[in-house]
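All values reported here derive from a predicted model rather than from experimental measurement.
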Amino acid sequence: MATVILVRHGRTTANASGILAGRAAGVGLDQTGLEQAAFAGDRLAVLPLAGVVSSPLERCRETARLILDRQAGSPAAPVEADLTECDYGQWQGRKLSDLATEDLWGAVQSQPSTVVFPGGESMAGMQARSVAAIRRHDAAFEAGHGPGAVWVAVSHGDVIKSILADALGMHLDLFQRINVGPASISIVHYGPARPSVYATNTDAGDLAWLAQGISSGDAPVGGGAGQADT
């Protein structure tokens, strides 16, 4: 299968202010976020990306544009509604410090599979639609560009954490153990037997090795020799 690079959007004014932005319109990258996204684009510039798929929200589209601007070619750039932020319902727009006093907060931390946000979406539903979208696009990029295709999905913290939890075979109730910082890069290869997670939450490092492709064979006993030098 192809390889997906999961990129969280850069920092926003809401992130910096401790506000849960959710799906609110007009939440863009702040100056730090623009610099973070540009640096992610610089890291990805060494790869000929087959596509850059983005959540429809402004902060993700801004991040995707900074990645696309640094590509030598013209990757596909579709917007995918199923990669949008979780619908936090009545929690949207509130301070995280205030939300931490709500009874539901404890369940979000320890049993997210049981959480349905008031007037919003369940966390299990968020995971189901985002994982399905990633697998659908991954299959399409492989069909169009071959098994060595590398593509990017730009989305949101909780969404990416839920995708990584699925790839790692973790129950959703454990996904808070995963960290996904602004403009961080995580890498998943969906092989025929199982997904393989090659990186999580990275904000530095050379990605040129991905241009050599990832083997979809069995996992090497003992860990193997690592990726070939470029």
Side-chain angles (χ1 to χ4, degrees), residues 1-2 4-9 12 14-15 18-25 27 53-57 59-60 63 78-140 151-182 184-191 193-201:
M1 298 291 283
V4 60
I5 299 176
L6 303 166
V7 180
R8 185 184 168 196
H9 61 79
T12 68
N15 295 146
I19 300 295
L20 184 63
R23 298 181 178 182
V27 179
V53 182
S54 177
S55 155
L57 295 181
R59 54 196 183 270
C60 288
T63 301
V79 171
E80 173 55 67
D82 284 338
L83 292 180
T84 197
E85 180 63 285
C86 185
D87 182 355
Y88 296 113
Q90 295 170 19
W91 277 31
Q92 179 172 300
R94 295 178 59 191
K95 285 186 171 293
L96 293 172
S97 58
D98 292 338
L99 293 172
T101 67
E102 298 276 350
D103 290 341
L104 188 62
W105 184 267
V108 171
Q109 301 304 311
S110 61
Q111 291 183 300
S113 67
T114 68
V115 169
V116 180
F117 291 101
E121 182 179 25
S122 71
M123 298 195 86
M126 172 197 72
Q127 183 185 47
R129 48 99 169 159
S130 59
V131 169
I134 290 293
R135 289 180 175 269
R136 183 172 67 251
H137 283 283
D138 196 72
W151 64 285
V152 164
V154 183
S155 190
H156 307 268
D158 280 348
V159 173
I160 293 175
K161 285 165 61 175
S162 75
I163 294 165
L164 288 170
D166 172 78
L168 290 163
M170 294 169 58
H171 195 283
L172 183 60
D173 285 348
L174 303 178
F175 99 136
Q176 299 292 21
R177 300 183 183 195
I178 301 170
N179 289 291
V180 175
S184 65
I185 285 175
S186 302
I187 303 168
V188 179
H189 178 73
Y190 288 98
R194 69 186 72 84
S196 295
V197 178
Y198 281 80
T200 63
N201 194 37

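Nearest heavy atom pair, residue Pro118 against residue Leu104, reads CD-CD2, 3.8 Å. Arg135 and Pro195 make their closest contact through NH2-CG, 3.7 Å (heavy atoms, listed as atom of the first residue, atom of the second, distance).
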- Message: For a side-chain contact (heavy atoms from CB on, under 4.5 Å) check, start with the C-alpha distance between Tyr198 and Ile5, then their side-chain angles and the critical distance, and finish with the verdict.
- Response: CA-CA 10 Å; Tyr198 281 80; Ile5 299 176; over 6 Å; no
- Take Arg129 and Thr84 through the side-chain contact (heavy atoms from CB on, under 4.5 Å) test and state the conclusion after the steps. CA-CA 10 Å; Arg129 48 99 169 159; Thr84 197; 4.1 Å; yes
- What's the verdict on side-chain contact (heavy atoms from CB on, under 4.5 Å) for Ile134 and Val131, showing C-alpha distance, side-chain angles and the deciding distance? CA-CA 5 Å; Ile134 290 293; Val131 169; 5.7 Å; no
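Side chains of Ile163 and Asp166 form no contact here, defined as non-hydrogen atoms less than 4.5 Å apart. Two residues are said to be in side-chain contact when any heavy atoms from C-beta on lie closer than 4.5 Å; Glu121 and Val116 fail this criterion. At a threshold of 4.5 Å between non-hydrogen side-chain atoms, the residues Asp173 and Pro112 count as touching. Side-chain contact between His156 and Cys86 is absent, with no heavy-atom pair separated by less than 4.5 Å. Using a 4.5 Å cut-off on side-chain heavy atoms (C-beta onward), Arg59 and Glu85 make contact. At least one side-chain heavy atom of Asn15 sits less than 4.5 Å from a side-chain heavy atom of His9. Counting heavy atoms from C-beta on, the side chains of Phe175 and Leu164 never come closer than 4.5 Å. Side-chain contact check for Gln176 versus Val108: some heavy-atom pair is nearer than 4.5 Å.
Residues satisfying the ring pair (Phe, Tyr, Trp, His ring centres under 6.0 Å) test with Phe117, not counting sequence neighbours, are Tyr88, Trp91. Annotation: salt bridge (charged side-chain N to carboxylate O under 4.0 Å, His left out) contacts of Glu80 (sequence neighbours excluded): Arg136.
Looking at Arg8, its side chain never comes within 3.5 Å of a backbone N or O of Ser184 through a donor-acceptor pair. The closest donor-acceptor contact from the side chain of Ser186 to the backbone of Asn201 lies under 3.5 Å. Ser162 contributes a side-chain N or O that, together with a main-chain N or O of Val159, makes up a donor-acceptor pair within less than 3.5 Å.
Taking CG of Leu168 as the reference point, atom CG of Leu174 lies at 10.5 Å (rounded to 0.5 Å). Going from atom CZ of Arg23 over to atom CG of Leu57 covers 7.5 Å, rounded to the nearest 0.5 Å. Distance check: Ile185 CD1 to Thr200 OG1 gives 12.0 Å after rounding to the nearest 0.5 Å. The distance from the CD1 atom of Ile19 to the OG atom of Ser97 is 7.5 Å, given to the nearest 0.5 Å. One distance of note links CG of Leu20 with NZ of Lys95; it measures 12.0 Å at 0.5 Å rounding. Here CD of Gln127 is found 4.5 Å from CG of Leu172. Values are rounded to the nearest 0.5 Å.
Each salt bridge (charged side-chain N to carboxylate O under 4.0 Å, His left out) pair with one or both residues in residues 97-120, not counting sequence neighbours, appears once here: Arg94-Glu102.
Paired with Val152 under the rule side-chain contact (heavy atoms from CB on, under 4.5 Å), one option of Val4, Val7, Leu6, Val53 passes, and it is Val7.
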